[in-house]
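Below: the structure, in structure tokens.
Throughout, a chain's letter reflects where its sequence line sits, starting with A, and its residues are numbered from 1. Keep in mind that what you see is a predicted model, and the values were worked out from it rather than measured.
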2 protein chains.
Amino acid sequence: MARLVSERSDAVIALAEVFRTHGFEGTSLSVITAQTRMGKGSLYHFFPGGKEEMAEAVLQEISRWFAEKVFRPLREDPDADAAIAKMFREVDSYFHSGRRVCLVGAFALGQECARFEQQVRGYFSTWVEDLEACLIRAGHSEDRARDLSEEAVGGIQGALVLARSLNQPEVFERSLQRLKQRLTYE
Amino acid sequence: MARLVSERSDAVIALAEVFRTHGFEGTSLSVITAQTRMGKGSLYHFFPGGKEEMAEAVLQEISRWFAEKVFRPLREDPDADAAIAKMFREVDSYFHSGRRVCLVGAFALGQECARFEQQVRGYFSTWVEDLEACLIRAGHSEDRARDLSEEAVGGIQGALVLARSLNQPEVFERSLQRLKQRLTYE
DNA sequence: CATCAATTGTACCAAACAGTACATAGTGTA
DNA sequence: TACACTATGTACTGTTTGGTACAATTGATG
């Protein structure tokens, strides 16, 4: 049913884009109200803890999304190669082929890394560990699986940095191709 | 000679560490005065343009450092392999073995990427291009050199993100090792 | 249509913000 | 020591910040 009033989940989606665009410190309440078209009344109704609670909700939503679309297949799909292929597909689409930034990665580079320590560490450690387990199932040795999985997760983050700084999304696409090939055929 | 008063170059060094720690938006003037022990008088004397001019000076100093220590050897050293080895040595030491963040990389992920567009793009494009040229001199094909150089520069940035988010500097060290080996022996 | 909780706009607050003005203090040179 | 100039501390500005209070509005339910 169509509603004129918002729900918390709508707010989280909108907030995610605001934080991705402006970073945590750069996201003032006036930026939020302008970009989400929500007033302070609504925002503090849904997030009594203010900006910090908003960012926490966004991080939780990101974790939920990756857990469902990426991490669970890596852990559970009996076809390990298919899970890895799906990971690259989902990552490419999630990051808009290199045009969108990883909020967790951006947080990792700033003070937000301390402020949202568990969420940031949880996101990356789960990713690395689940991918590692998947690579072992795919037949790689334990050492090789750890190396490849760190290389892939780090490589994706670095590719986002590079693609954005050069304003060349194709750098991201090429990186994904290389990583996918390395994980699949070696 | 020992001076009680500061010079602009002292300020730039101190400011670099402040911006690296707090990011651009997170660096308020009160943070700067606290961490650099310089008053507003001095700061606006050296940087009449305020925070933006301070960040610009820091970016310029970073570019200067990399140009001298990393990019020039990549372009000019007749021994290409030695230049690449030096790059990894300097990078490892500059980023304190994964404990220090790349300010330019952090800027690349936020609005600062637009605000300091030329400096951010210049840093990464020079790095990629000079490394690419060096790899061609080392005997790689043009396509292979471009791939390897994007992979290395991106890989370093991603390794910084991952090492910091996991609070495991050794992740950075391992990544450097892998990248170095790939650039040198393949 | 009456009710009531969920949602929202508006006015407001103290603190922190970036930046300015300027008198004072420190420094190299003559 | 006297000078010119650079560097600095301090007090001040208007603006924006994150956050609160609360009355008005909305929408689902009986």
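In this structure, A:M38 places its CE atom 9 Å from P of C:dT7, rounding to the nearest Å. Atom CG in B:L43 sits roughly 10 Å away from atom C1' in D:dT8 (whole-Å rounding). Regarding A:F46, its CZ atom lies at a distance of 17 Å from the P atom of C:dA5, rounded to whole Å. Nucleotide D:dT8 holds its C1' atom 17 Å from the CZ atom of B:R8, rounded to whole Å. Atom pair A:D10:CG and C:dT8:C1' shows a separation of 14 Å (rounding to whole Å applied).
A salt bridge is defined here as a Lys NZ or Arg NE, NH1 or NH2 lying under 4.0 Å from an Asp or Glu carboxylate O, and A:E142 with A:R146 fails to meet this definition. Classification of B:E151 and A:R182 as a salt-bridged pair holds, one side-chain N sitting under 4.0 Å from a carboxylate O.
Heavy-atom minimum distance, B:E7 versus B:F46: C-CZ, 3.8 Å. Listed here is the closest heavy atom pair of B:Q157 and B:G105: OE1-CA, 3.4 Å.
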Q. When you check every protein heavy atom under 4.0 Å of nucleotides 15-21 of chain C, what one-letter string (B, S, -) results, 5' to 3'?
A. --SBBB-

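Using cut-offs of 30° and 60° for the angle between ring planes, the A:Y123 and A:F66 rings count as perpendicular.
A:F19 is not listed as a side-chain neighbour of A:I62, based on a closest heavy-atom distance of 4.5 Å or more. Taking the side chain as every heavy atom from C-beta outward, A:R178 and B:E150 approach each other to under 4.5 Å.
Side-chain N/O atoms of B:H45 include one lying less than 4.0 angstrom from OP1 or OP2 on D:dA7.
Comparing the local axis fitted to the first five base pairs of the helix from C:dC1-D:dG30 to C:dA30-D:dT1 with the one fitted to its last five gives a bend of 20°, rounded to 10°.
In this structure, A:R100 forms a cation-pi arrangement with A:Y94, its terminal cationic atom sitting closer than 6.0 Å to the ring centre and no more than 45° off the ring axis.
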